[in-house]
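Presented below is the structure to which this report refers.
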Amino acid sequence: MTTATRGAVGTAHTRVEGRDKVTGAARYAAEIPFADLAHGWLVLSTVARGRVRAVDTDAVLGMPGVLTVLHHGNAPRVDSDFIGMLGVPPDPSAALFQHDRVAHLGWPVALVVAETSEQAREAAESLVVHYETEPHDVAFSAGRESEGYPLDGHLPAVAEKGDLADRLAASAVVVDAEYTTPEEYHNPMEPHAATARWEGGRLDVVDSNQGTSWVAGELANLFSLDPAAVRVRSEHVGGGFGSKGVRAHQVGAVMAATVLQRPVRVVMTRRQMFSLAGYRSPTAQRVRLGADADGRLRVLEHRSLNQTSTVHEFVEPSAAAGRSMYAADAHHTASRIVRLDVPTPTWMRAPGEAPGSFALESALDELAERCGVDPIELRVRNEPAVGPVSGLPFGSRNLIACFREGARRFGWAERDPRPGVRREGRWLLGTGTAAASFPAGVGPSTAAVTAEADGTFTVRINAADIGTGARTALTLVAADALEVPTDRVRVRIGDSDLGPAMIAGGSTGTRSWSWAVQAAAEELRRSLVPGADIPPEGITARSNTAEAIGALAQKERHAFGAQFAEVAVDPATGEVRVRRMLGIFAAGRIVNPLTARNQLVGGMVWGLSMALHEEAVRDRASGGVYGADLAGYHVAAHADVPHIEADWVDDPDPDDPVGIKGIGEIGIVGAAAAVANAVWHATGVRHRNLPIRPDRVLMAGGDA
Amino acid sequence: MREFGYRRAYDVSGAVALLDGDPDARFLGGGTNLVDLMKTGVERPALLVDVRELPLDGIESTEDGGMRIGATVTNSDLAAHPEIRRRYPALAQAVLAGASGQLRNMATVGGNLLQRTRCGYFADVTSDCNKRSPGSGCPAIAGEHHNHAVLGASDHCVATHPSDMGVALTAFDAVVSYETADGPGELPLADFYLPVGETPHLETALPPGALITGVTLPPAPVAAVSRYRKVRERASYAFAIGSVAAALDVRDGRVREVRLALGAVASRPWRARAAERVLTGAPADAENFAAAADAELAAARPLPHNGYKVTLMRNLVVAVLSELAEEAAR
């Protein structure tokens, strides 16, 4: 590892709140005590489409401890007609009880509030709701592309360059393959939980989320409150992965706290999270690659279809994954959606890139096979000088350096390219590789840094530490900017009263917050007179990065990576076991190697899990997820996770004010393709449908 | 969840008396399945009688050379017992293939036999299920059944029994002992689970209110060369999609005695007697192992999405018997 170190940044540092977490002193949202706390329990629809005819509240109101039952007939009105901080309207399932329509199975239809959580649950499960049922349609498949339509999301739906038909005709080799990925769920360890109360005329919400500025803003909009009258805190968060924004639990807690004028807590069960917390849509993708005989691409075509609900549009922009990756004369990519009677999907770790890279990087492996070119050499031959579609320069692009370093450490040079020829006992062995990329985005943030009279410094920034180590990273960034040891810096985060800041999402958090902290800390250092006394209230400098971000030059800014996997496959049982993985990344300046490696390895485990395990099956008859719990929805267990190494290469961008790129998502990108490509190398069979389950391997006579 | 009473029993007759045959009461062992089902509303007992303190936690040899395992022995203690590991290795392997270390430290032998299917429709109280709500229907047959039964199922239920331990016990002719208010009784494990038929909600032949007190393994020298192989969709902490418990005694290249039981294919651990008949006295080679598997699986009635299990079980039977034959030859 050759990362340049400047003081604290670049040096491994254990989490500043680590002791609190391992001793249990750190309290999570559902554990914080409140006097006079009442408990709400959500009641979800048992039909997939229709309307609520009646809610039999009388019987339930007489049950022990029950305080109220909120539903569409009596709930406070909310206003969901707004565009929030992230440029999209709120998820309609969070605008609770505003009408009688049921948009999908598990649609929230009531909230039962009682003195204890157990009483609320028993009453909620006893509540009889009468429905008028309508036929539903949850059958997602590639065959429904014609019913779909392109939709711009956080990336444009369609990008086209060059003449597709002409360049295909001119291609010596064409790979044309279809890929699918299933419904996948974030399943953070900590379920969604919020407590709301009115305190001194302000709405005070203690929550578990990915950005309290974001959540506070949405709640202010929903309840038509002055933004200054809403405070949201979220000190410790047990994972989010895209699922922890404004959801039904906060809105239900606020409604009930308003009606009852006492604190109310609402916690989701794991099962409820399968219909209320968002998910990654299944995708059906088609990739066509046209190339010269030596593997140089003439055509890159990638089309993707995903499902969304009938009440909200969400696009999983899988087809956009290749737009910055490979040079090709004709570059045609389009992401489309089809509306079904299902919950609305949402951002989930590497939205677009995770499923998109599975298809694209699998297709490249197929092209390498067809051309007889080494998969790494194939990527070298298609390395673009500028953005393949945009024509913009790259901020920094060290993809090939990742492959070279990875190949050296993985032992790629000794690889026999022939598939299906290595056996060890009952296992066939194979290795595979794939590229990774993820945008290095940034969002405006404010920060304040105070020089305290006792010689310490307090950093105030409304960052969210969702388990990433953000609090610790910002401590290191501030210490370096202030030129003081880390033990003189305290960082306060997770409180909307600290002022607006970017969320922990899109791999933008550390880049966005560090920028603001660095700017405020440098301003403070300049304003401090050496040797002068600090007044009791301290001296504070503030920053707001909005203007600086607006002045950023237009560039292709991405992190890159190279993924490697070795697998063992038992063809008699279909079992696939990953034996080792290596990921080498180019992700700008690495702030804290300890937590950075943790995030990258975590992403790679997600990729392994996506390749082999994760799949939610939607039952066509009921419209709901079959086995909606962690026994039914498998994620990789410890025994599935072998030796995984993650490391990085130097990736400086001298023109970038912070030089930090995100690392929360790139670890998953390409990892599933590397595993799938290794399964092909082991068995000679291409698996284009995830997950690569034992039954699929077992029954795959030819291509699966 | 429903409020429930909780009583702790300290002796067997006291436990039976506390439960008093009440269909609304349940014995609580490790709680690793029952408590989960109470949280999800599948089980709503009014009373739990905790039997963890009963003096049934011993494992001992019987006079005839078998072993007797108390009902409250934990899975961990059973798997670690030196005599079990020496005389019935497949049983120890089966137990260790199940659940996780934490769960095995809690789960008991008696509870393991009575655990409920992990069918997702059974676990979801908003769904129809003939086992949970007799007569409501079985959505698995037309719905998700990729890990459901291929043997011995009916039009009323295609759920599988989840136990690993039970598969090995079935191979070794285990006998279940129980206590009722009228006195003790015994049931061979082969007769312990009822056929599915039209009554999938009736799962065992235990009399109402009976408390399992232990499991007896008859002497089985063949079990000393035995193993358990489990295939699942991840490397640990998952129920089987197919498993095999097998024991093999080979003399002069011929099968002298064989025990074979299959898991995750039926509503109960499935003793493969047809396969055993084919193999007994036959040359111990892959061809006969395959013929034996085919004989057993001829009765398989797969659904549209679980036909792979027939292939899987055939391959698994051949693989495990071949490994045992090699082991016997060494």
Side-chain angles (χ1 to χ4, degrees), chain A residues 44-47 64 105-106 116-119 121-122 125-126 269-271 425-426 570-578 608-609 612-615 617-622 624-642 691-700, chain B residues 1-4 33 36 39-41 44 97 99-101 118-128 137 139-147 162 229-244 305-320 322-323:
Chain A
L44 309 189
S45 74
T46 54
V47 305
L105 193 100
T116 72
S117 171
E118 291 79 6
Q119 289 168 337
R121 180 172 198 166
E122 178 65 11
E125 288 169 357
S126 307
T269 64
R270 185 65 61 182
R271 191 171 284 273
R426 64 185 175 100
D570 181 347
T573 61
E575 293 162 287
V576 178
R577 299 284 182 259
V578 174
L608 183 167
S609 196
L612 301 183
H613 308 300
E614 294 192 38
E615 171 180 39
V617 177
R618 195 161 284 280
D619 181 70
R620 298 240 168 135
S622 73
V625 169
Y626 172 87
D629 54 37
L630 289 176
Y633 184 86
H634 284 178
V635 299
H638 278 99
D640 294 292
V641 178
I692 306 173
R693 295 189 314 249
D695 62 310
R696 285 179 163 156
V697 176
L698 190 63
M699 303 311 278
Chain B
M1 54 201 285
R2 182 182 183 184
E3 285 202 355
F4 59 90
N33 187 208
D36 281 353
K39 289 181 190 166
T40 53
R44 293 174 56 82
S100 65
R118 263 50 175 203
C119 172
Y121 298 107
F122 174 76
D124 177 359
V125 292
T126 66
S127 169
D128 290 338
I141 291 169
E144 171 60 24
H145 54 245
H146 134 273
N147 195 15
R229 261 273 294 279
K230 173 178 181 178
V231 177
R232 45 191 148 177
E233 289 177 343
R234 60 182 169 190
S236 79
Y237 202 21
F239 293 94
I241 56 172
S243 71
V244 166
H305 306 300
N306 66 359
Y308 75 94
K309 283 198 177 196
V310 179
T311 309
L312 173 65
M313 295 314 296
R314 184 183 197 271
N315 292 349
L316 208 49
V317 166
V318 172
V320 171
S322 299
E323 287 166 14

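Just so it is clear: chains get the letters A, B, ... in the order the sequence lines come, proteins before strands, and each one is counted from 1. Only a predicted model underlies this, so the values are computations on that prediction, with no experimental measurement involved.
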Part of B:F239 lying under 4.5 Å from any heavy atom of chain A: neither
For chain A, find which of B:G307, B:G120, B:A235 contributes the most heavy-atom pairs closer than 4.5 angstrom. B:A235
Check: B:E233 main-chain N/O paired with A:R693 side-chain donor or acceptor under 3.5 Å: no
So, do B:V125 and A:E125 sit near enough that their side-chain heavy atoms are less than 4.5 Å apart? no
For A:R271, is it the side chain, the backbone, both, or neither that has a heavy atom closer than 4.5 Å to a heavy atom of chain B? side chain
For A:R121, is it the side chain, the backbone, both, or neither that has a heavy atom closer than 4.5 Å to a heavy atom of chain B? both
Which answer fits B:L312, side chain, backbone, both or neither, if we ask what part of it has an atom under 4.5 Å from a heavy atom of chain A? both
Per-residue tally against chain A (heavy atom, under 4.5 Å) across B:T126, B:D128, B:T40, B:D124 peaks at B:D124
Counting only heavy atoms closer than 4.5 Å, note whether A:V576 contacts chain B via side chain, backbone, both or neither. neither
Side chain from CB out, backbone as N, CA, C, O: work out which of these in B:A123 comes under 4.5 Å of a heavy atom of chain A, or both, or neither. both
Side chain, backbone, both or neither: which part of A:S622 has a non-hydrogen atom closer than 4.5 Å to chain B? neither
Any side-chain heavy atom of A:V697 sitting closer than 4.5 Å to one from A:E575? no
With only heavy atoms counted, which part of A:L630 is less than 4.5 Å from chain B, the side chain, the backbone, both or neither? backbone
Taking only Lys NZ, Arg NE, NH1 and NH2, and the carboxylate oxygens of Asp or Glu, determine whether A:D640 and B:R234 approach each other closer than 4.0 Å. no
The interface call for B:H146 against chain A, heavy-atom contacts under 4.5 Å, is side chain
Can you name the side chain to side chain donor-acceptor pair (under 3.5 Å) partners of A:S45, sequence neighbours left out? none
Residue part contacting chain B, namely of A:A631, when any heavy atom lies under 4.5 Å: neither
Measuring only between side-chain heavy atoms, which start at C-beta, is A:H613 closer than 4.5 Å to A:V635? no
Determine the option with the most heavy-atom pairs under 4.5 angstrom with chain B, choosing from A:D629, A:V617, A:V625, A:L105. A:V617
Qualifying residues under side chain to side chain donor-acceptor pair (under 3.5 Å), relative to A:E118, sequence neighbours excluded: none
Between A:S609 (side chain) and A:A636 (backbone), is there a donor-acceptor pair under 3.5 Å? yes
Which value, rounded to the nearest 0.5 Å, describes the distance between A:D695 atom CG and B:H305 atom NE2? 11.0 Å
When B:R44, B:R229, B:R232, B:E3 are compared by non-hydrogen pairs under 4.5 Å with chain A, the top option: B:R229
